[in-house]
Amino acid sequence: MSGDHSHNEDQIDCGSRVNDSHKHKDKYKEKEHKHKDHKKDKEREKSKYGNSDHKDSSDKKHRDKEKEKMKHKDGSTDKYKEKHKEKRKEEKMKSFDEKIKKEKENGFASPPYMKSEPEDDFYHSPKHERSLKRERDVDDNDAEFKPKKIKTENDKKAKKRKQDEDIKSKKTKHKKEVTDGKKKAKKEPEEKWKWWEEERYTDGVKWKFLEHKGPVFAPAYEPLPSHVKFYYDGKHMKLSPEAEEVATFFAKMLDHEYTTKDIFRKNFFKDWRKEMTSEERAKLTDLKKCDFGEMSNYFKAQSEARKAMSKEEKQKIKEENERILQQYGFCLMDNHKERIANFRIEPPGLFRGRGDHPKMGMLKRRIRPQDIIINCSKDSKVPEPPPGTKWKEVRHDNKVTWLVSWTENIQGSIKYIMLNPSSRIKGEKDWQKYETARRLKKCVDRIRAQYREDWKSKEMRIRQRAVALYFIDKLALRAGNEKEEGETADTVGCCSLRVEHIKLYPENEGQEYVVEFDFLGKDSIRYYNRVPVEKRVFKNLQLFMENKEPDDDLFDRLNTSILNKHLQELMDGLTAKVFRTYNASITLQQQLKELTTAEENIPAKILSYNRANRAVAILCNHQRAPPKTFEKSMQNLQSKIDAKRDQLADAKRELKSAKADAKVRKDEKSKKAVESKKKAVQRIEEQLMKLEVQATDREENKQIALGTSKLNYLDPRISVAWCKKWGIPVEKIYNKTQREKFAWAIDMAEDDYEF
DNA sequence: GCAGGTACTTAGGATCGAGTCT
DNA sequence: AGACTCGATCCTAAGTACCTGC
C-alpha cells in the first residue's frame, strides 16, 4: 500500500524501464522527439521555402499592399515575425522564386483564383455529413453590444464585495443539520447569494478569506478474511497485507478486458512486485500463475450483499455520507459557504488510462497526509491532519483557487481539490469565458480575413499558422499541445497533427479539394471527417506535406504557444479554445433560431433544442459509446409506441361509434360521451407524439453525448433566453445541478439575449 | 525558444439511486 | 416487492494555457 516506490528498480522481467520518478523521464524524451526536431524541419523548409500556388506570384504586389494595409489596421501585426523576418528574408525570397519556377515546371500551377467557399457551408462536422449551417455573423456589430464594455460584464448592479468582507467571517459554524432525521428539505433561509451582482476581484486575487476542513482520505485497507485465498501455481499462498491490497486491485478488475492486455499486466506486475516482501518477490515470478479467483468472487459477493442490504442499513450509510458531506463538503470563502467539488482523495488502485496508454496497470499510490498541501487563509482555522500525521505543507496563496493539492505518482502531475461549479469562483470564470467568446464574435470576420490573407504569406510559419487556425475555426479542433511521447496515449490536436492524420483528395465524390481527417483526439476519441476546403488551403497542405514522413508533424513550424501568442495579438484574451466556445455557442443560437417553430408543442420544441444541441456536439465531436442497453431500451420504447397506436385506434373507433350513437339518440348524455371520447383521442395522440419524439431523439443521440457541450461550451444565457422566449420551463433543459451551475445565467438572461 | 511546472477546464465512463414497471 | 431503467452524479484522466527561469 503505502510507501516509497522509488527505491530499488528490481530485477523484474520487464524491469529495465525506468518507470517512476518522473525526473527521469526526460532521458528518453530526447531521443523520442528526434523526429520532430526542428533542425530537420528547418532544412526542409529551406529547400522548399515559399512553395505555393501559382497565383501567389501574380498576387504578389497586391499582397504586399494588403499587408501594408493590414499592418495599419492592426498595428500589432506580429512582433514575433518582425524579430525574425529580417534575417530570413533574403534567403526566403530566393527560395520562394525558385519554388515558383519549379511549380511551373511540374505543372503544379493553380487554376485562377477561387473565391471563398460558400459561407453557409462553413462547418463540417465529423462523421455526419449533415451540415451545420449558419450565417457568418451578419449581426456582428449588433447595437446591443456596443454600449457594453468588455470589462464591465457585471456592471449591472454592482454591490460591493467589500461590504461583507468587512463583516469578517464570523458567520458561525454552519448551523447543525444534525437534527434532520427526516428530509424536510429545510432549505436554509439564507437565500441564494447572487455573486454575479457583485464586483469582481482584479489583479489575480482569488479570495480574501478561505477556511476548510481538508480532504477526506480513502478508507484504510481492510485485509481479506482468511477464507479468501490466493493461489500461486495452484498452491495457496498467504500474502503480506501490502501485497494483498495490490492484488485485490487486480482481482477487482478481473473481468475487465484490460487485465488481458500485455502492457497492463506488465505494468501491474512490476508495481505489484515492488510492494511484495522479498520472499514473495522471490516466489511470485509469473503473473499467469496467479489465481485471483477467490478474491474476485469475494468482491462480487460483497457487492451483491451491498445491494441486498436492508432499507435501514442503506439509510444509515446515506446518513453517514451526508454527515461527511456536511462536514467536509463545504468551505468558507469570503464569507460565503461554498460547496467543494471533490473533497475525497482519490483512493489507491490500478491506473487505467484511456486508449492505448503506456502506463495502464501501474499502481496508483495511496495518498497520505504527508503528501498533502493545504491552502487556506492565514487567519483561518487550519484543518487538522488525522491524528499522528502531518501535512506536507500549509500555504496561504490567495492567487489560486485550490484548497488542497497533492502530486500523483503515475505522471507526476498535481491534483487539486477545488470548488463546485456553482461556486462564485468557478462561475465567474465560466461567465468570463463566454464573454471572451462574445468578443470574438465581434472581430471574427476580421480574423478570418486575416488568416485567409496569411495563406498566401511567403513565410512558411505564417501559412501554417493560418491553415491551422482555419481548421480550428472551421472544424472546432482543439489546439493540440505537445505531449511527452511514451508517457501518454498517442493523441493529437490541431497543432500536433501529423502527416499520417490527413489525406488529400483533389477530387472526391463530386467535391473538389477534400481533406480527410482521421486521428485520435482527446481521450483517444477518433476524429474522422472529410471536408472540402478552399483551394488555397489544399495547396498549402500539399506543400506542408512535401518530403515528409507519415509521422512528421504537419505543422512543423507551429505549436500552440506560437499560435496563441498570435491570437493574443489579434484580440485580447484570445486563445485557440475560444474558437471552440464561440463556434459552439453561435451554432446553438443559430440552430435554435432555425429549428424552433412557434406552432410546435413543448415536447417538439424540446426536440428542436436537443437537435440544436446535437449539432454542436457533432461539431465538437463529442461522442459516446452507445449505451449497452441501447437496443433493448429502443425496443421497449418502440413497443410502447405500438401499444399507444393500438390504443389510439381503439379510442378512435370508440369515438366514431359514440358519434353515431349521438346522431341517433340526440340526447345530452350521448353528446357528452362524444366530447369525452374526443378528449381521450386527443390525449392519446399527444402521448403518442411525445413517445415518438422521444424515440427520434434517442435514436439520433445514440452515439452522441450532449452533456459535454451543454456544460462547457454553450453560453447558458442562450438556452435560458430560448426557454423564456418560448415559455419552456428551464427545468426541461437543465437539471438541478445544471441549474445550480448556471444560476447566474438563469437569473440575468432575458428572452432577447443575444450571444 | 524552450523545458518544466502549475493551475484550471474539459471529458467519457462507471456507479448510484430514484423512479417506473411488472 | 423486486427487477429494471435511465438520468444524475461521481470519478479522475486528459486536455489547454500560461508562467518562470534559463
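First the proteins, then the strands, lettered A, B, ... as listed; each starts at 1. The analysis underlying the following values was restricted to heavy atoms, covering all of them including side chains, and did not include hydrogens, waters or symmetry mates.
Pro421(A) comes within 4.0 angstrom of no nucleic acid atom, judged by non-hydrogen atoms across all strands. Using a 4.0 Å heavy-atom cutoff across all strands shown, Asn735(A) reaches sugar-phosphate atoms only and no base atom. Across all strands, Gly493(A) comes closer than 4.0 Å to no nucleic acid atom at all (heavy-atom distances). Within the 4.0 angstrom heavy-atom criterion, no nucleotide atom of any strand lies near Lys710(A). Residue contacts shown for Gly707(A) are absent, as no nucleic acid heavy atom lies under 4.0 Å away. At a threshold of 4.0 angstrom between heavy atoms, the contacts of Thr401(A) are confined to the sugar-phosphate backbone, with no base atom among them. Among the heavy atoms of the strands, none lies under 4.0 Å from Ala489(A). Note on Phe351(A): only backbone sugar-phosphate atoms sit closer than 4.0 angstrom, heavy atoms only; bases stay farther off. Within the nucleic acid shown, Lys577(A) comes within 4.0 Å of sugar-phosphate atoms alone, with no base atom in reach, counting heavy atoms only.
The CG-C1' distance, from Asn559(A) to dT16(C), rounds to 13 Å in whole Å. Per the geometry, OH belonging to Tyr527(A) stands 17 Å off C1' belonging to dA11(B), to the nearest Å. Rounded to an integer number of Å, the gap from NZ of Lys483(A) to P of dT16(C) is 9 Å. Distance, Ile414(A) CD1 to dT6(B) P: 4 Å, rounded to whole Å. In this structure, Gln738(A) atom CD and dC10(C) atom P are separated by 13 Å, rounded to whole Å. One atom, CD of Glu304(A), and another, P of dT15(B), lie 13 Å apart when rounded to the nearest Å. Straight-line distance from the CZ atom of Arg424(A) to the P atom of dC8(B): 12 Å, rounded to whole Å. The nearest whole Å value for the distance from the CE atom in Met634(A) to the C1' atom in dC4(C) is 18 Å.
Proximity note for Ala479(A) (side chain, C-beta onward) versus dT12(C), dA17(C), dA7(B): the nearest is dA17(C). Side chain of Pro347(A), nearest nucleotide from dG15(C), dT12(C), dG13(B): dT12(C). With dG15(C), dT16(C), dT9(B) as the candidates, the nucleotide lying closest to the side chain of Thr491(A) is dG15(C). Relative to the side chain of Tyr416(A), the nucleotides dT12(C), dT6(B), dG12(B) differ in distance, and dT6(B) lies closest. Considering only the side chain of Lys364(A), dT12(C) comes nearest among dA7(B), dT12(C), dT10(B). Listed candidates were dG15(C), dC8(B), dA11(B). Nearest to the side chain of Asn712(A) is dA11(B). With distances taken from any side-chain atom of Lys206(A) to the nucleotides dC8(B), dA11(B), dA14(B), the minimum falls on dC8(B). Across dT12(C), dA17(C), dT9(B), the shortest atom-to-atom separation from the side chain of Arg354(A) is found for dT12(C). With dA18(B), dC18(C), dT10(B) as the choices, the nucleotide that has an atom nearest any side-chain atom of Gln568(A) turns out to be dC18(C). Side-chain proximity of Thr575(A) to the nucleotides dC18(C), dG12(B), dC6(C) is greatest for dC18(C).
Nearer the 5' end of DNA chain C, as judged by each residue's closest nucleotide, is the contact made by Arg344(A), out of Ser561(A) and Arg344(A). Residue whose closest nucleotide on DNA chain B sits further toward the 5' end, between Asn321(A) and Arg395(A): Arg395(A). When each of Ser709(A) and Ser405(A) is assigned the nucleotide of DNA chain B with its nearest heavy atom, Ser405(A) is the one assigned upstream, toward the 5' end. Sequence order on DNA chain C of the closest nucleotides to Lys736(A) and Cys494(A) puts Lys736(A) first from the 5' end.
Under the 30°/60° scheme for interplanar angles, the aromatic rings of Phe250(A) and Phe264(A) are found to be tilted. Between Tyr734(A) and Phe742(A), the ring planes are tilted. Angles from 30° to 60° get that label.
Contact annotation: Thr708(A) side-chain N/O to dA11(B) OP1/OP2 distance is not under 4.0 Å. Phosphate contact (OP1/OP2 of dT9(B), side-chain N/O of Tyr713(A), threshold under 4.0 Å): absent. Look at His357(A) and you won't find any side-chain N or O under 4.0 angstrom from OP1 or OP2 of dA13(C). Regarding contacts with the backbone of dA13(C), a side-chain N or O of Lys415(A) is found under 4.0 angstrom from either OP1 or OP2. In terms of phosphate contacts, Arg580(A) brings no side-chain nitrogen or oxygen within less than 4.0 Å of OP1 or OP2 of dT16(C). For dT16(C), the OP1/OP2 oxygens have a side-chain nitrogen or oxygen of Asn481(A) closer than 4.0 Å. The side chain of Ser633(A) contributes an N or O atom lying less than 4.0 Å from OP1 or OP2 of dC6(C). Taking side-chain N and O atoms only, Gln411(A) has a distance below 4.0 Å to OP1 or OP2 of dA14(C). Between Lys318(A) and the phosphate of dA18(B), there is a side-chain N or O to OP1/OP2 separation shorter than 4.0 Å. Taking 4.0 angstrom as the limit, Arg478(A) places none of its side-chain polar atoms (N or O) nearer than this to OP1 or OP2 of dA17(C).
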Apply ring pair (Phe, Tyr, Trp, His ring centres under 6.0 Å) to residues Phe351(A) and His357(A) and explain how you reach the verdict. CA-CA 10 Å; Phe351(A) 175 81; His357(A) 198 118; 4.9 Å; yes
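Judged by atom type and distance alone, Lys433(A) does not reach the base of dT9(B) through any side-chain donor-acceptor pair under 3.5 Å.
A salt bridge links Arg438(A) with Glu435(A): the distance from a Lys NZ or Arg NE/NH1/NH2 to an Asp or Glu carboxylate oxygen falls below 4.0 Å. A salt bridge links Glu700(A) and Arg611(A); the closest N-O separation between the charged side-chain nitrogens and carboxylate oxygens is under 4.0 Å.
Taken to the nearest 0.5 Å, the NZ atom of Lys522(A) stands 10.0 Å off from the OG1 atom of Thr491(A).
Ring centroids of Tyr713(A) and His622(A) are separated by less than 6.0 Å, placing the two rings close together.
Of the candidates Thr587(A), Ile618(A), Ile704(A), Asn613(A), Ser709(A) forms a side chain to side chain contact (heavy atoms under 4.5 Å, CB included) with just one, namely Asn613(A).
Summarising the local packing, CD of Glu320(A) is surrounded by more than 12 heavy atoms from other residues, nucleotides or ligands at distances under 6.0 Å.
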